[in-house]
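Notes to accompany the following structure.
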Amino acid sequence: MHAQVDVDELQEPLVLDLTLPAEVSSAKSRRIRSGVVAAENAFRYESLVYDAIDRTVGTPQYVREPGSGIDATLSTPEGTIGIVIKFATHASSIKRVIPVGFLRGEVDAVLVIANRSPGNFLRDSILGSRPEETVRWANPSDDMSIARAVHNLRREMRLLGK
C-alpha cells in the first residue's frame, strides 16, 4: 500500500537553524580574520623582500615548484642561490627549514630571509659544506644585510669551486 503524500507540504521551504552560539561564532570569525590577515601580511612581506633583492643584488626568479622549499632563485656567476622567505607573526612560529630544492642540487647555496630574528634555520649536518646564510629583513634599512649575505655566499661558492 502506498502512503498519501501531501504535495502542498513538499513545496514549503525547509528552514534549518544553523546559528552558532555567539561565543563560538565570534571565536571562529576571529581565527578566520587572523588567518587572512597573516596570509595577506606574508604575501606583502614576500613582495617587499623580492623588491629588496632586486634593488640590492639582482632580479630574483620566482620558483613555481610547490614543495621545493625555495621561493626564488638568484643566478650569479658563481652559481645559483636559492632564496627562502619566512614571515612569522611571532618568533616562535619560525621553524627550521631544509629546502628540498637544495637537497636535490637545484641550487648551490641558500639564503633564508625572515622578518624576525631567525636563528639557525638550516642544519649544517644535512647541508654539508654547501653555503648558507640567514638574515633578518624588516624594511629597506635592512637591504645591506641581503647584499652582505649574497656577497658572502658568492665568496663561499667561489672558494668551493661552484
Side-chain angles (χ1 to χ4, degrees), residues 20 24-162:
L20 294 172
V24 172
S25 179
S26 177
K28 185 174 182 178
S29 177
R30 278 193 306 275
R31 276 196 314 276
I32 290 170
R33 270 195 311 276
S34 174
V36 168
V37 169
E40 287 173 352
N41 288 341
F43 179 77
R44 190 175 308 118
Y45 177 75
E46 191 170 289
S47 177
L48 291 169
V49 168
Y50 284 131
D51 290 345
I53 294 167
D54 193 41
R55 251 190 330 270
T56 58
V57 293
T59 304
Q61 300 300 311
Y62 296 98
V63 171
R64 306 240 186 276
E65 184 182 337
S68 75
I70 296 172
D71 298 305
T73 58
L74 182 67
S75 295
T76 71
E78 296 79 12
T80 302
I81 299 171
I83 300 168
V84 177
I85 301 170
K86 301 297 274 179
F87 177 84
T89 53
H90 48 84
S92 64
S93 67
I94 294 183
K95 306 273 189 274
R96 289 181 216 249
V97 295
I98 302 168
V100 175
F102 188 80
L103 297 176
R104 289 190 295 218
E106 296 167 3
V107 297
D108 302 302
V110 173
L111 171 59
V112 178
I113 303 172
N115 66 316
R116 297 192 176 271
S117 212
N120 180 23
F121 271 99
L122 304 171
R123 290 213 172 273
D124 294 332
S125 60
I126 294 172
L127 301 179
S129 62
R130 290 183 280 179
E132 163 271 302
E133 288 277 330
T134 303
V135 299
R136 179 186 170 273
W137 187 92
N139 58 53
S141 68
D142 296 325
D143 283 2
M144 286 312 297
S145 65
I146 292 173
R148 274 190 300 277
V150 168
H151 173 78
N152 291 341
L153 289 171
R154 291 182 67 185
R155 181 175 35 79
E156 287 182 55
M157 287 189 291
R158 217 175 10 259
L159 292 172
L160 291 171
K162 294 282 178 191

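The first residue of the sequence shown is numbered 1, and numbering continues consecutively from there.
A side-chain N or O of Glu132 and one of Thr134 form a donor-acceptor pair less than 3.5 Å apart.
In terms of modelled atom types and a separation under 3.5 Å, the side chain of Asp108 and the main chain of Gly79 share no donor-acceptor contact.
Residue Trp137 holds its CH2 atom at 10.0 Å from OG1 of Thr56, rounded to the nearest 0.5 Å. Interatomic distance, CD1 of Ile83 versus CD1 of Ile53, reported as 3.5 Å (0.5 Å rounding). With rounding to the nearest 0.5 Å, the separation of CG in Leu111 from CD1 in Ile70 is 11.0 Å. Between Ile81 atom CD1 and Met157 atom CE the span is 4.0 Å, to the nearest 0.5 Å. Here CD1 of Ile113 is found 4.0 Å from CD1 of Ile146. Values are rounded to the nearest 0.5 Å.
For residues 58-86, every residue pair satisfying the ring-ring contact (aromatic ring centres under 6.0 Å, His included) rule, not counting sequence neighbours, is listed here: Tyr50-Tyr62. Residue pairs meeting the salt bridge (charged side-chain N to carboxylate O under 4.0 Å, His left out) criterion with at least one member in residues 42-54, sequence neighbours excluded, do not occur.
Residues satisfying the side-chain hydrogen bond (donor to acceptor under 3.5 Å, both in side chains) criterion with Thr80, sequence neighbours excluded, are absent altogether. Take Arg55 and apply the salt bridge (Lys or Arg N to Asp or Glu O under 4.0 Å) test, not counting sequence neighbours, and it matches Asp143. Judged as a salt bridge (Lys or Arg N to Asp or Glu O under 4.0 Å), and not counting sequence neighbours, the contacts of Asp142 are Arg136.
Exactly one residue among Arg148, Glu156, Arg155 makes a side-chain hydrogen bond (donor to acceptor under 3.5 Å, both in side chains) with Asn152. That residue is Arg155.
Between Arg154 and Pro77, the closest side-chain pair of non-hydrogen atoms falls below 4.5 Å.
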